[in-house]
Amino acid sequence: MIFCESFIPPEKKKDTDPNFDRRDVYVITQNALADGTYLEYIRAHYNRSTQDDRPFFLEMLRTKSDAVRGTTNFVASLGYKFLDVPLHEVWKED
């Protein structure tokens, strides 16, 4: 059980404490910490003030081989220029 019982309405809990509620508990698995995307999610969730977000469209349009080599393809660079930069200007935090 990973605290899924918290989401059962109290009137449906027959064998357990009807007031049991641990939705404040997060389960982080050791294997998930090896995934870069999951690490970014955790950092953004708990350490937002120091999170340095990568440009969304640039990263979305890069291929895996581009990411490994540290390069950017033409389509990804267009996405950065025409989507990421203007959107960042609209929503930048002061």
Side-chain angles (χ1 to χ4, degrees):
M1 177 180 84
I2 306 176
F3 302 112
C4 59
E5 190 175 308
S6 296
F7 294 98
I8 298 173
E11 62 274 3
K12 302 280 184 178
K13 296 179 185 178
K14 296 181 177 147
D15 298 331
T16 60
D17 180 8
N19 297 320
F20 178 78
D21 186 4
R22 289 307 310 251
R23 283 178 276 180
D24 60 326
V25 175
Y26 294 92
V27 176
I28 301 173
T29 66
Q30 188 174 7
N31 290 340
L33 296 177
D35 179 25
T37 308
Y38 185 72
L39 281 173
E40 286 181 19
Y41 164 76
I42 293 295
R43 285 186 194 114
H45 189 76
Y46 292 105
N47 197 19
R48 184 69 192 135
S49 63
T50 60
Q51 177 75 19
D52 184 25
D53 294 328
R54 295 185 304 214
F56 176 78
F57 291 102
L58 174 72
E59 292 300 322
M60 183 181 74
L61 297 170
R62 286 173 76 191
T63 63
K64 288 183 182 181
S65 59
D66 284 335
V68 169
R69 289 190 309 257
T71 60
T72 301
N73 63 50
F74 181 70
V75 175
S77 63
L78 287 177
Y80 175 75
K81 182 177 181 180
F82 293 108
L83 295 171
D84 284 322
V85 172
L87 290 172
H88 179 71
E89 288 299 315
V90 171
W91 280 292
K92 69 180 173 183
E93 297 175 23
D94 293 323

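Computed from heavy atoms alone, side chains included, the values below leave out hydrogens, waters and symmetry copies.
Counting only heavy atoms from C-beta outward, the side chains of Phe57 and Leu87 approach each other to under 4.5 Å.
Among Thr72, Leu78, Asn73, the one residue that satisfies the side chain to side chain contact (heavy atoms under 4.5 Å, CB included) test with Val75 is Asn73.
One hydrophobic cluster, built from ILVMFWY side chains closer than 4.5 Å, cannot hold both Val85 and Val90; they sit in different ones. Leu58 and Met60 are members of different hydrophobic clusters when ILVMFWY side chains are connected at heavy-atom separations under 4.5 Å.
Heavy-atom minimum distance, Arg62 versus Ala67: NH2-CA, 3.2 Å. Considering every non-hydrogen atom in both Gly79 and Leu61, the closest pair reads CA-CD1, 4.1 Å.
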